[in-house]
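Okay, so here's the structure we're looking at.
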Amino acid sequence: MIAPGALDVIVPAGDRHASKAVLEESKVFLPIAGVPVLHHVLAAIERARCTGRIFVVGDRARIERSLDDPGSPVRGHRPLVVVDQGDTLYENLWRGLRAALGPDAPPSLASEDLTPTVRDKTILVITGDTPALVPEEIDELVGASDLARFDYVLGVCSEATLRAYYPRAGRPGIEMMYFDVRDLGWRQSNLNLLRPFRLGGRGHVEYLYGIRYLQDWANTA
């Protein structure tokens, strides 16, 4: 059970390695309603009941400059720390986690000699390129997660729900790829609730992330 305001959130917002630019711009800085996508994500996170500190990992100088925009929807309702990015998603997650743990952080994410507090540390990871995120979605995922049984919970959306965003006559849109489960299609929602140090096979995370675009025949092979 997560107490209100207690859940640390890591927001990967990097622009290196497997991150893909859109219109030659980092996705988190694409403007929506005059402010970067990242701002809409942070605004939703800080309004959720369950969230506490927010650790944004990316181009620190650029993110900090952008947060000075008086038109930003980010209101400072939660403590926010910007952490310099590394070269990979795996490294960025570790940097955010290390910042959240502070002096209790072990030498690396692969460490096995852990205190119970560190081993049971629960965090929420939400990528910085999810502008349609709403605080109710965050609270629903956290509230429905059975942390007594599971160390990793992934949010999903059904194809039926996302069909509303498909292109239509006279209106642009986007069609997504899905995981087929029986007769339903599901797509991950980029909300991840987890205890990082309880997960096995952590070293495979970066490799799988790097080949996630299966439209690329090389990744498929």
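- Considering only heavy atoms from C-beta on, Leu30 stays 4.5 Å or farther from Pro36 through its side chain.
- Cluster membership check: Leu199 shares its hydrophobic cluster with Leu101, using side-chain heavy-atom separations under 4.5 Å among Ile, Leu, Val, Met, Phe, Trp and Tyr.
- Side-chain atoms of Thr161 do not come within 3.5 Å of backbone N or O of Cys157 as any donor-acceptor pair.
- Between Arg62 and Glu25 there is a salt bridge, since at least one side-chain N of the basic residue sits less than 4.0 Å from a carboxylate O of the acidic one.
- Of the possible polar contacts, one joining the Arg47 side chain to the Ala43 backbone as a donor-acceptor pair under 3.5 Å is found.
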Check against salt bridge (Lys or Arg N to Asp or Glu O under 4.0 Å), Lys121 and Asp8: CA-CA 9 Å; Lys121 174 69 175 177; Asp8 285 339; 2.6 Å; yes

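- Within the 4.5 Å cutoff, no side-chain heavy atoms of Glu175 are placed close to those of Tyr165.
- Clustering ILVMFWY residues whenever any of their side-chain heavy atoms sit less than 4.5 angstrom apart, transitively, puts Leu124 in a cluster other than the one holding Val134.
- At least one donor-acceptor pair under 3.5 Å links the side chain of Arg187 to the backbone N or O of Met177.
- Under the 4.5 Å side-chain criterion, counting only non-hydrogen atoms from C-beta, Asp15 is not in contact with Val28.
- Annotation: side chain of Ser66 is in contact with side chain of Phe29 (closest heavy-atom distance under 4.5 Å).
- In the hydrophobic clustering of ILVMFWY residues, with side-chain heavy atoms under 4.5 Å counting as a link, Val118 and Val125 come out together.
- The backbone N or O of Ala110 sits less than 3.5 Å from a side-chain atom of Ser108, completing a donor-acceptor pair.
- Salt-bridge formation is detected for the pair Asp120/Arg198: a Lys NZ or Arg NE/NH1/NH2 atom is positioned less than 4.0 Å from an Asp or Glu carboxylate oxygen.
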Arg95 and Phe55: CA distance, side-chain angles, deciding distance, side-chain contact (heavy atoms from CB on, under 4.5 Å) verdict: CA-CA 9 Å; Arg95 290 188 177 205; Phe55 297 87; over 6 Å; no

Check against side-chain contact (heavy atoms from CB on, under 4.5 Å), Val142 and Leu7: CA-CA 9 Å; Val142 173; Leu7 188 60; 3.8 Å; yes

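- Each of Leu80, Val56, Val35 was evaluated against Leu67; a single residue qualifies, Leu80, per the side-chain contact (heavy atoms from CB on, under 4.5 Å) test.
- The shortest non-hydrogen separation linking Arg78 to Thr51 is NE-O, 2.6 Å.
- No side-chain heavy atom of Glu91 sits less than 4.5 Å from a side-chain heavy atom of Leu109.
- Summarising the geometry, atom CD belonging to Glu112 is positioned 10.0 Å from atom CZ belonging to Arg119; distances are rounded to the nearest 0.5 Å.
- Results of the side-chain contact (heavy atoms from CB on, under 4.5 Å) test with Val11 over Leu42, Val57, Val83 single out Leu42 as the only residue that passes.
- The shortest non-hydrogen separation linking Phe197 to Leu97 is CE1-CD2, 3.5 Å.
- None of Leu133, Leu193, Asn192 except one satisfies the side-chain contact (heavy atoms from CB on, under 4.5 Å) rule with Ile126; the exception is Leu133.
- Using modelled atom types, no side-chain atom of His40 and backbone atom of Ala132 make a donor-acceptor pair closer than 3.5 Å.
- Side chains of Thr130 and Thr127: a donor-acceptor N/O pair is absent below 3.5 angstrom, by distance only.
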Ile10 vs Ile54, side-chain contact (heavy atoms from CB on, under 4.5 Å): CA-CA, chis, key distance, verdict: CA-CA 6 Å; Ile10 297 175; Ile54 304 172; over 6 Å; no

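- Hydrophobic clustering, with ILVMFWY side chains joined whenever heavy atoms are under 4.5 angstrom apart, keeps Tyr178 apart from Leu191.
- Residues Arg75 and Glu46 have side chains in contact (heavy-atom distance under 4.5 Å, counting atoms from C-beta outward).
- With hydrogens and angles ignored, the 3.5 Å screen pairs no side-chain donor or acceptor of Arg49 with any backbone N or O of Ile138.
- Remark: side-chain polar atoms of Ser72 are paired, donor with acceptor, to backbone N or O of Val74 under 3.5 angstrom.
- Within the 4.5 Å cutoff, side-chain heavy atoms of Tyr166 are placed close to those of Glu159.
- The hydrophobic cluster containing Leu114 also contains Tyr152, counting ILVMFWY residues as joined when their side-chain heavy atoms lie under 4.5 angstrom apart, directly or transitively.
- Taking each heavy atom of Ile2 and Cys50 in turn, the nearest pair found is CG2-O, 4.3 Å.
- Closest non-hydrogen pair, Ser145 versus Val153, comes out as OG-CG1, 3.5 Å.
- Between Pro131 and Ile32, the shortest heavy-atom contact is CB-CD1, 3.7 Å.
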Chi angles and distances behind the side-chain contact (heavy atoms from CB on, under 4.5 Å) call for Gln85, Asp59: CA-CA 6 Å; Gln85 66 180 333; Asp59 184 335; 4.0 Å; yes

